[in-house]
Amino acid sequence: MKFYNTLSRQKEEFVPLAPPCVGMYTCGPTVYNFAHIGNLRAFTFEDLLRRYLEYKGYDVQHVMNITDVEDKIIRTVRESGKTLREVTDFFTTEFFRDLDALNIKRAHVTPRATETIPDIIKLIEALIARKHAYVADDSSVYYSIQSFPEYGKLSHRKLDEQRAGARVKQDEYAKEQMADFALWKTWNEADGPVKWDSPWGPGRPGWHIECSAMSIKHLGASFDLHCGGEDLVFPHHEDEIAQSEAATGKPFVKYWLHNAHLLVEGKKMSKSAGNFFTLRDLLAKGWTGREIRYALLSCHYRDPLNFTFDGLQGARSALQRMDEFLLKLQETAALETSDELADLTSQFDAALDDDLNISAALGALFEFIREANKRMLDPLEATNVLATWRHFDAVLGFGIPVKSDVPVEVQGLVEERQAARKAKNFKQSDEIRDQLAKQGWVIEDTPKGPRAKRG
RNA sequence: GGCGGGUUAGCCAAGUGGUAAGGCGGGAGUCUGCAAAACUCCUAUGCGUCGGUUCGAAUCCGACACCCGCCUCCA
């Protein structure tokens, strides 16, 4: 199994530090707003990664942070008059609801930054003791980038090559070096009631330090996987490495995996362009979680994904094809014990082993569907395919459709229609079919007789 | 300016040296009383452009074009 490691910019064979255990940390949400479809692409990719590792027999310990103190949250608190906890609890709950809708497995541990303050303080103290951090005049604590020669190894950039960006506010903080970043931000009035005591006075943690503190706390100083959107490579993850390795003296993360961003209808998603969507926006338009999951998952995670409504329609049709296949399998499957299909499994695995090549994996599945549809499987084969597919679905998470029980009144109408057809009374049989359609039932006439299914 | 990613049919998207997977959409059929589902055939002599290497390139090399991301708190 190979993954593309941002650190080396190459695909590398995946060898965990302590197999079969795998420590996996994924950067979670900042809970001041609803997650948008771009955020959810990252979580969907991470879910595929985790599920595949579990499928391959690894014992994954997955940690995802909840960032519940941050500039935008504080602004929301100030503007709404609510407490920090009220704001962040609400959006945290909504976030988990979104994950559930997309059938994304929740991390085993989802620590909040505000519940990790003592660990954060300890980590900052260690950095100060090791001369990697300093207390500035205003009592904020900064990380000294100069103290860490390897700084830049993840994002492959040298600071002196960087343009002095217009977005950098030169005088805002009392830093020694431009590129130094805050570990602890001293309290100011705009923060209102949001503050914690520390050896450096009241304040709050910087952004990057929480992830170091939470990942080290729950996964140890060194662990296997750290994921996030590609925008986090710099500075967030670069800073995490600097902090963590400087504080512990140990290598931080073995494999860094980053997903590309998405476009919506070919354009960068933005509220002003009118192509900004949260999950609830899409659900309100009638798309289902699994359709959205399929659309987000069917493109390789390191390629930019063009998220479109045509694409969602394509996802819907593709899933209907799968569902139809799986329902027919269930109708013919035997109850005997089953064997999994080695050939199909090896194709599926080979694709995903190669840096999660989901397109190739789905290609193999659809090719198989066509072959199987062509030659009517016998009951034992159907059982085997179904068993294999259930195995795959542990990775894909699209779900196996369950055949709906046909209510007696519907069954009555189906039989009535069939009698009318036998009598060549097609006008009546079509009327009954329309009537059933209104009740959400589609009738297919097969060689074995009529088949009623949910429309 | 620095670093990185992308460009494959109407749309989405695999494929990193051996002659273009798969999905969606479209067209024509088979089946059906008609449908539906399924199946069959068709829908890229060509993979951004121009050169080069090679017996052979979407795949390697060199230019160029366009799009996108990051360059201090945005997945």
Side-chain angles (χ1 to χ4, degrees), chain A residues 6 9 26-30 35-46 67 70-72 152 155-165 167-169 172-173 175 178-182 185 206-208 227-236 238-239 258-263 266-269 294-295 298-300 302-308 310-322 324-325 327-328 351 354 357-370 372-376 421 424-426 429-430 433 437 442-447 450-451 453 455:
Chain A
T6 306
R9 288 184 175 168
T26 58
C27 278
T30 302
H36 61 65
I37 197 69
N39 300 130
L40 293 166
R41 180 192 193 187
F43 301 125
T44 308
F45 144 63
E46 289 154 1
T67 296
E70 187 263 354
D71 290 358
K72 288 190 288 288
S155 53
H156 302 93
R157 60 185 75 198
K158 299 187 178 98
L159 286 173
D160 51 13
E161 286 173 359
Q162 304 302 308
R163 181 202 280 177
R167 289 165 69 186
V168 180
K169 294 176 204 157
E172 192 178 356
Y173 301 114
K175 293 189 275 190
M178 259 323 299
D180 290 353
F181 56 90
K185 293 181 171 183
W207 177 36
H208 317 298
C227 312
E230 60 183 355
D231 58 304
L232 295 180
V233 173
F234 189 89
H236 186 54
E238 194 70 63
D239 290 352
H258 294 96
N259 62 278
H261 280 196
L262 56 70
L263 300 171
K267 290 184 193 144
K268 187 175 173 175
M269 182 167 62
Y294 188 101
S298 55
C299 165
H300 186 82
R302 282 193 293 115
D303 284 334
L305 162 65
N306 187 12
F307 189 85
T308 65
D310 275 356
L312 275 173
Q313 183 57 53
R316 174 172 287 175
S317 300
L319 283 168
Q320 277 167 358
R321 179 167 166 80
M322 273 189 191
E324 188 69 29
F325 174 68
L327 283 171
K328 282 179 180 163
D354 182 16
N357 189 339
I358 186 78
S359 303
L362 291 173
L365 296 190
F366 279 108
E367 219 162 343
F368 182 83
I369 288 177
R370 196 182 60 249
N373 277 333
K374 201 180 295 190
R375 60 178 182 87
M376 291 304 288
R421 289 182 70 224
K424 306 254 186 232
N425 188 348
F426 297 122
S429 71
D430 288 350
R433 184 162 67 191
V442 175
I443 306 305
E444 290 176 11
D445 296 316
T446 76
R451 171 173 180 259
K453 64 172 186 178

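Throughout, a chain's letter reflects where its sequence line sits, starting with A, and its residues are numbered from 1.
Set against B/rC3, B/rA35, B/rC73, the side chain of A/R9 has B/rC3 as its closest nucleotide. Side-chain proximity of A/F426 to the nucleotides B/rG15, B/rG33, B/rG6 is greatest for B/rG33. Counting only heavy atoms from C-beta on, A/K72 has its side chain closest to B/rC73 among B/rC73, B/rU32, B/rA36.
B/rU49 and B/rU7 have their C1' atoms separated by 11 Å, given to the nearest Å. Taking the P atoms as reference points, B/rC73 lies 37 Å from B/rC11, given to the whole Å. Comparing B/rG23 with B/rA13, their P atoms sit 16 Å apart, to the nearest whole Å. B/rG69 sits 31 Å from B/rG52 when the C1' atoms are compared, rounded to a whole Å. Nucleotides B/rU59 and B/rU72 have their C1' atoms positioned 39 Å apart, rounded to a whole Å. Taking the P atoms as reference points, B/rA44 lies 33 Å from B/rU54, given to the whole Å. Taking atom P on both B/rA9 and B/rC50, the two are 15 Å apart, rounded to the nearest angstrom. Across B/rC66 and B/rG48, the matching C1' atoms stand 8 Å from one another, rounded to whole Å.
Consecutive pairing runs in RNA chain B reach the stem threshold at B:1-7 with B:65-71, B:10-12 with B:22-24, B:25-30 with B:38-43, B:48-52 with B:60-64, where a stem means at least three Watson-Crick or G-U wobble pairs with distances under 3.5 Å.
Within the nucleic acid shown, A/T446 has no heavy atom closer than 4.0 Å to any nucleic acid atom. Contact annotation for A/E230: backbone-only contact, meaning every heavy-atom pair under 4.0 Å involves sugar-phosphate atoms and none involves a base. Residue contacts for A/L262: at a heavy-atom cut-off of 4.0 Å it reaches a base atom on one of the strands shown. In this structure, A/H300 reaches the sugar-phosphate backbone alone: every heavy-atom distance under 4.0 Å involves primed, P, OP1 or OP2 atoms, never a base. Among the protein residues, A/L365 comes within range of no part of the nucleic acid, since none of its heavy atoms lies under 4.0 Å from any strand. Counting any heavy atom pair closer than 4.0 Å across all strands shown, A/H261 reaches a base atom. At a threshold of 4.0 angstrom between heavy atoms, the contacts of A/G228 are confined to the sugar-phosphate backbone, with no base atom among them. Residue A/D239 is out of contact with every strand shown, counting any heavy-atom pair closer than 4.0 Å. Within 4.0 Å (heavy atoms only), A/R316 reaches no atom of the nucleic acid at all.
Between A/K453 and B/rA36 there is no side-chain polar atom (N or O) within less than 4.0 angstrom of OP1 or OP2. One finds no side-chain N or O of A/N373 lying less than 4.0 angstrom from the OP1 or OP2 phosphate oxygen of B/rA37. Residue A/K374 places at least one side-chain N or O under 4.0 Å from the OP1 or OP2 atom of B/rU40.
Atom P of nucleotide B/rU16 and atom CZ of A/R302 are separated by 12 Å, given to the nearest angstrom. For the pair A/R157 CZ and B/rG1 C1', the computed distance is 13 Å after rounding to whole Å. The CG-P distance, from A/D445 to B/rA35, rounds to 12 Å in whole Å. Atom pair A/N259:CG and B/rA75:P shows a separation of 11 Å (rounding to whole Å applied). In this entry the distance linking CZ of A/F307 with P of B/rC68 reads 20 Å, nearest Å. Atom CG in A/L305 sits about 16 Å away from atom C1' in B/rU7, given to the nearest Å.
For the residue pair A/H36 / A/N39, a side-chain donor-acceptor distance below 3.5 Å is found, with atom types taken as modelled. A donor-acceptor contact closer than 3.5 angstrom links the side chains of A/E238 and A/S155. In summary, the side chains of A/D231 and A/H261 do present a donor paired with an acceptor at a separation below 3.5 Å, with no hydrogens or angles considered.
Distance check: A/H300 NE2 to A/I358 CD1 gives 10.5 Å after rounding to the nearest 0.5 Å.
Among residues two or more places apart in sequence or in another chain, the side-chain contact (heavy atoms from CB on, under 4.5 Å) test is passed with A/N306 by A/L263, A/T308.
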All N/O pairs under 3.5 Å across the protein-nucleotides 19-26 of chain B interface:
{"residue": "B/rA21", "atom": "O2'", "partner": "A/E367", "partner atom": "OE1", "Å": "3.3"}
{"residue": "B/rA21", "atom": "N1", "partner": "A/S359", "partner atom": "O", "Å": "3.3"}
{"residue": "B/rC24", "atom": "O3'", "partner": "A/S317", "partner atom": "OG", "Å": "3.3"}
{"residue": "B/rG25", "atom": "OP1", "partner": "A/S317", "partner atom": "OG", "Å": "3.4"}

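You'll find the side chain of A/T44 stays beyond 4.5 Å of the side chain of A/Y294, heavy atoms only. When side chains are defined from C-beta on, A/F366 does not count as touching A/F325, because their heavy atoms never get closer than 4.5 Å.
Each of A/M322, A/R451, A/K453 was checked for a side chain to side chain contact (heavy atoms under 4.5 Å, CB included) with A/L327, and the lone residue meeting it is A/R451.
Residues A/R451 and A/L232 each lie close to RNA chain B; by heavy-atom proximity, the contact nearer the 5' end of the strand is made by A/R451. Closest-nucleotide positions on RNA chain B for A/K424 and A/N306 were compared, and the one nearer the 5' end corresponds to A/N306.
In this structure, A/D445 pairs ionically with A/R421, as a charged nitrogen and a carboxylate oxygen lie closer than 4.0 Å.
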Test side chain to side chain contact (heavy atoms under 4.5 Å, CB included) applied to A/H258 and A/C27, step by step: CA-CA 11 Å; A/H258 294 96; A/C27 278; over 6 Å; no
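Counting all heavy atoms, side chain and backbone alike, A/P450 lies closest to A/I443 at CB-CG2, 4.1 Å.
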